[in-house]
Amino acid sequence: MAKANDKVSRSYEFEIRAENDEQHGDFISGRAIVYDTPTDIGGYFREIIDRGALDKTDLKDVRLLVNHNISMIPLARSRNNNANSQMQLSVDDQGMAIRANLDTENNDDSRKLYSAIRRGDISGMSFMFTVNGDKWEDLDSDYPTRHITSIGKVFEVSAVTFPAYESTSLQARDAEALESAKAALESAKRDELDAARQALLERIKAL
């Protein structure tokens, strides 16, 4: 079973765009969460975020960062996803899209990010979240599948330099994320073993 307090992050190679609105300034837009898209998690298992996993997600306070750098000043923030927020979140049948207004005039990091996206140097997005519900398939195989059925809270979305989740880049970039993935798999296998033992005991009692 998933632990609701464990924060995890996932990345996607999904188009992120930079655009200019003459009246309102510079914006970036893209998709941070994608449904029904298999993602390799460190070579340990395949993970899929099921359609509807965002139905009850807490999106009250979400920040925009670069490469999950929590020490940086957020480049935008969505508070209750209202019209006055610098970032708008949109949940649909594909996942979750974002559109953020960047202060490229006064914020050097915003200006750099906007330029990098416009040039195509940054092309992916990622997000940090907690898992409220999951289910596993083929746990007895060498490469099982985890379905995330419910996301509890989204803390931040990031524009990322390396969006694809290859096992080597995951180990090099985020050892903590790799350990979390291993722990999730081991916990699921223990739960399945405990359930099998309990079922066996029940059959023995019935005999």
Any donor-acceptor pair under 3.5 Å linking the side-chain atoms of R46 with those of T145?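 Side chains of T145 and R46: pair found under 3.5 Å.
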
Strictly by modelled atom types, are Q88 and S90 linked by a side-chain donor-acceptor pair under 3.5 Å?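 Q88 vs S90: no donor-acceptor pair found between side chains.
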
Side chain to side chain, [X] and [Y], heavy atoms closer than 4.5 Å:
X	Y	result
L65	P74	yes
F129	I33	no
L102	L64	yes
R146	V131	yes
I73	D109	no
Q94	V34	no

Separation of [Y] [atom2] from [X] [atom1] (nearest 0.5 Å):
X	Y	atom1	atom2	value
D36	D50	CG	CG	6.5 Å
R99	M87	CZ	CE	13.0 Å
H68	F127	NE2	CZ	9.0 Å
R63	R77	CZ	CZ	3.5 Å
D138	F45	CG	CZ	13.5 Å
E47	T39	CD	OG1	6.5 Å

Main-chain N/O of [Y] paired to [X] side chain as donor or acceptor, under 3.5 Å:
X	Y	value
T149	G133	yes
S85	R79	yes
T37	Y35	yes
N82	N84	yes
N67	T161	yes
S78	V62	no

Under the side-chain hydrogen bond (donor to acceptor under 3.5 Å, both in side chains) test, residues paired with D92 that sit two or more places apart: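 For D92 the side-chain hydrogen bond (donor to acceptor under 3.5 Å, both in side chains) partners, ignoring immediate neighbours, are R31.
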
Tell me, please, which residues at least two apart from D103 pass side-chain hydrogen bond (donor to acceptor under 3.5 Å, both in side chains).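 Checked D103 against side-chain hydrogen bond (donor to acceptor under 3.5 Å, both in side chains); matches are N106.
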
Go through the steps to decide whether T104 and D26 satisfy the test side chain to side chain contact (heavy atoms under 4.5 Å, CB included), and finish with yes or no. CA-CA 7 Å; T104 54; D26 294 324; 2.6 Å; yes

Atom NZ of K112 with >12 non-hydrogen neighbours under 6.0 angstrom: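 Not more than 12 within 6.0 Å, no.
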
Can I151 be reached from I48 by stepping across I, L, V, M, F, W or Y side chains whose heavy atoms are under 4.5 Å apart?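 Hydrophobic grouping puts I48 apart from I151.
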
Can you check side chain to side chain contact (heavy atoms under 4.5 Å, CB included) on L54 and T57, steps first, answer last? CA-CA 5 Å; L54 290 164; T57 301; 3.5 Å; yes

Are the charged groups of R119 and D121 less than 4.0 angstrom apart, N to O?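 Looking at R119 and D121, the cut-off is met.
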
Starting from the C-alpha separation in whole Å, work towards a yes-or-no answer on side chain to side chain contact (heavy atoms under 4.5 Å, CB included) for L75 and I28. CA-CA 11 Å; L75 303 184; I28 62 168; over 6 Å; no

Could you walk me through whether K56 and N132 pass side chain to side chain contact (heavy atoms under 4.5 Å, CB included), step by step? CA-CA 10 Å; K56 298 180 180 179; N132 265 9; over 6 Å; no

